[in-house]
There are 2 protein chains.
Amino acid sequence: MAKSGGKEQRPRTKAEQRAATLEQILDAAELLFSRHGLNGVTLRDVARKVGVHTSLMHYYFVDKRQLFEAAFARRAGITSNRRMEALERYEREAGDSPTVVGALRAFLDTDLDLYISGGAGWKNFAAFVSQVSNSSEGAAMMDLYFDPVVLKLISVLRKALPGCPDREIFWGYHFVTGALMHTLGNTGRIDRLSGGLCKSDDLAAVKERLASFMAAGLTALCAAHPKNSRARKRLAL
Amino acid sequence: MAKSGGKEQRPRTKAEQRAATLEQILDAAELLFSRHGLNGVTLRDVARKVGVHTSLMHYYFVDKRQLFEAAFARRAGITSNRRMEALERYEREAGDSPTVVGALRAFLDTDLDLYISGGAGWKNFAAFVSQVSNSSEGAAMMDLYFDPVVLKLISVLRKALPGCPDREIFWGYHFVTGALMHTLGNTGRIDRLSGGLCKSDDLAAVKERLASFMAAGLTALCAAHPKNSRARKRLAL
DNA sequence: ATTATCTATAGATCTATAGATAATGC
DNA sequence: ATTATCTATAGATCTATAGATAATGC
């Protein structure tokens, strides 16, 4: 398949060839894993998609698990860093008065922008993240790549919501990431449900709505559970 | 395993035995599929868990796919109907003035209640729904079992949000179900992130927060996108 | 002379089916 | 006499490795 392209010239040096093949394998793996998960994809599937022999998968990645992790690692670090920088920039600019929606925009929109305008590879990665996030095999990878950004987001939200207990901020984040992951999953369900009014892959529409929706939710959550509310409830009894 | 229990007497009649074995197989399948997805589970895994031979899976369910679907169908219809009734009841009680939070409570809390107090089987089913919802194989099953309830929810939300375009209500629903599915997935990530402040399996805590959080989000969403807002925007240009 | 890729193959495992055995049913 | 369960096995497929071949590298 990739070979029959014609346009793509064989890379000259071995280093170039190695790099090109690696990238093709990772692209194919990313696409397939994003749709079918770790166990729904065989190394043969990946090799066939690239147009090389299965044994080449082992040559470059030892085993399936390592291919899976390499495919994830390739872009996970990039978006994680971008979002971290966006949060730090926002923190600087907002000074003493960061807002919930501002923090969420730095966290969510920065990510969505990449999937919107990063090309097909990033779109596949988006669905891949959703798969990983929802699978038991993926837990460690999510923690490894995304804990720092998430904790950064939490720290900015803390400043934006001074009276709010940490617990509520974490629950709020849990809902935020649920909506984001479900969006990235791109299952097409909302398309069918809404009769085409909404499209799963319309990340621009999601970007327009997600941060402000979630900011309202978080704000309401904190209003309903002010600090020391447990102590207050006890007194009220 | 199941055989060694001792307590459980061999059912007398064949019909009883059949029913008991079917249920054991479905329980095991539900548990395993909920953790590892369709492709992460083999018929051998299920058979081993029940303590019978693999070929019995084929005797009762023909093939793996049908076992998967039967395990899902067993409880999906039940919770779907319960929620439908809760929504209809709420609609009757609320008369002309249903609220967003009221509709969401009927939809979300009715479901969560079942997972909270329905026993281990229902807890496994909750994670199973999340798996199915996030997989490409599961799309048709989600549509089949849950479209009617979701569309009922939408219709109540429409009454609760008279000025709101359908599109916004559907996007709002998309975020709601994302948060719910992520919760049901029970991945343990929020436990680790929050250092134990929140627990993935604490559905009571989620129930306390989810509906009101989402009601605030939906209300804000509709406020930001009133009907004919597109036409207005055009005029504003 | 090194490295990218392929051929051949071992060994494990999986789904599925045919037919045997051991229970219950009348 | 019927049905629940098991044994045996076919055929497909999967991961992984060893070793051959065909390129680039100096």
Side-chain angles (χ1 to χ4, degrees), chain A residues 1-6 8-29 31-33 35-71 135 137, chain B residues 1-6 8-29 31-33 35-71 135 137:
Chain A
M1 272 195 131
K3 278 177 170 175
S4 64
E8 330 131 17
Q9 296 215 342
R10 263 281 158 88
R12 251 134 284 171
T13 79
K14 285 195 173 178
E16 279 170 354
Q17 184 159 350
R18 180 185 183 87
T21 302
L22 273 168
E23 204 175 337
Q24 279 182 44
I25 294 173
L26 290 172
D27 285 346
L31 174 73
L32 291 170
F33 285 137
R35 305 262 191 292
H36 309 111
L38 176 62
N39 296 307
V41 177
T42 69
L43 291 173
R44 274 179 118 145
D45 292 335
V46 181
R48 194 183 321 133
K49 194 157 191 72
V50 177
V52 297
H53 197 271
T54 307
S55 59
L56 205 61
M57 304 299 104
H58 296 104
Y59 175 68
Y60 281 116
F61 295 100
V62 182
D63 63 20
K64 186 173 159 181
R65 180 75 206 208
Q66 288 191 48
L67 170 59
F68 187 77
E69 290 180 8
S135 71
E137 310 101 45
Chain B
M1 272 196 131
K3 279 176 168 176
S4 64
E8 331 130 19
Q9 296 215 342
R10 261 284 158 86
R12 251 133 283 170
T13 79
K14 284 194 175 180
E16 279 171 356
Q17 183 158 351
R18 180 186 183 86
T21 303
L22 273 169
E23 204 174 336
Q24 279 184 43
I25 294 173
L26 289 173
D27 285 347
L31 173 73
L32 291 170
F33 285 137
R35 305 263 192 290
H36 309 111
L38 176 62
N39 296 307
V41 177
T42 70
L43 290 174
R44 274 181 119 143
D45 293 334
V46 181
R48 193 184 321 134
K49 195 156 191 72
V50 178
V52 296
H53 198 272
T54 307
S55 58
L56 206 61
M57 306 297 104
H58 296 104
Y59 176 68
Y60 281 116
F61 295 101
V62 180
D63 63 20
K64 186 174 162 182
R65 180 75 206 210
Q66 287 190 49
L67 170 59
F68 187 76
E69 290 180 9
S135 71
E137 310 100 45

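Since the structure is predicted, the reported quantities are computational estimates derived from the model, not experimental observations. A note on names: the letters A, B, ... follow the listed sequences, proteins ahead of strands, and every chain is numbered from 1.
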Requested in this report: Please name the pair of heavy atoms, one in B:Leu38 and one in B:Arg65, separated by the smallest distance, quoted to 0.1 Å.
Outcome: CD2-NH1, 4.2 Å
Query raised in the report: A:Arg18 and A:Tyr59: which non-hydrogen atoms are nearest, and at how many Å?
Result: NH1-OH, 4.3 Å
Query raised in the report: Once you round it to whole Å, what is the distance between C1' of D:dT5 and CG of B:Leu22?
Result: 13 Å
Query raised in the report: Looking only at heavy atoms, what is the nearest atom pair of A:Thr42 and A:Lys64, with distance?
Result: CA-NZ, 4.5 Å
Query raised in the report: How long is the line joining CZ of B:Arg18 and C1' of C:dA23, in whole Å?
Result: 15 Å
Report task. Take A:Leu67 and A:Phe33 through the test side-chain contact (heavy atoms from CB on, under 4.5 Å) and record every step on the way to the result. Result -> CA-CA 10 Å; A:Leu67 170 59; A:Phe33 285 137; 4.2 Å; yes
**Report entry** Heavy-atom pair with the smallest gap, counting every atom of A:Ala28 and A:Val50
**Finding:** CB-CG2, 3.6 Å
Report summary line: All heavy atoms of A:His58 vs all of A:Asp63, minimum pair found to be CD2-CA, 4.3 Å
Can you check nucleotides 14-17 of chain D for protein contacts, nitrogen or oxygen pairs under 3.5 Å, and list what you find?
unit_1: D:dC14; atom_1: OP2; unit_2: A:Arg44; atom_2: NH1; d: 3.2
unit_1: D:dT15; atom_1: OP1; unit_2: A:Lys64; atom_2: NZ; d: 3.3
unit_1: D:dT15; atom_1: OP2; unit_2: A:Leu43; atom_2: N; d: 3.0
unit_1: D:dA16; atom_1: OP2; unit_2: A:His58; atom_2: NE2; d: 3.3

Requested in this report: Could you run through DNA chain C and flag its stems, i.e. three or more consecutive Watson-Crick or G-U pairs with both distances under 3.5 Å?
Outcome: C:1-24 with D:1-24
Report task. Applying side-chain contact (heavy atoms from CB on, under 4.5 Å), run through A:His36 and A:Asp45 and close with a yes or a no. Result -> CA-CA 11 Å; A:His36 309 111; A:Asp45 292 335; over 6 Å; no
Query raised in the report: CE of A:Met57 versus P of C:dT5: gap in Å, rounded?
Result: 9 Å
Report task. Round to the nearest Å and state the distance from B:Leu56 atom CG to C:dA18 atom C1'. Result -> 15 Å
Requested in this report: Search all heavy atoms of A:Val46 against all heavy atoms of A:Val41 and return the closest pair with its distance.
Outcome: CG2-CG1, 3.7 Å
Report summary line: Quick note, B:Thr21 side chain, CB onward, closest among C:dT5, D:dT5, D:dT2 is D:dT5
Query raised in the report: Separation of A:Asn39 atom CG from D:dT13 atom C1', in whole Å?
Result: 15 Å
Requested in this report: Rounded off to whole Å, could you give me the CD-to-C1' distance for the B:Gln17 and D:dT2 pair?
Outcome: 13 Å
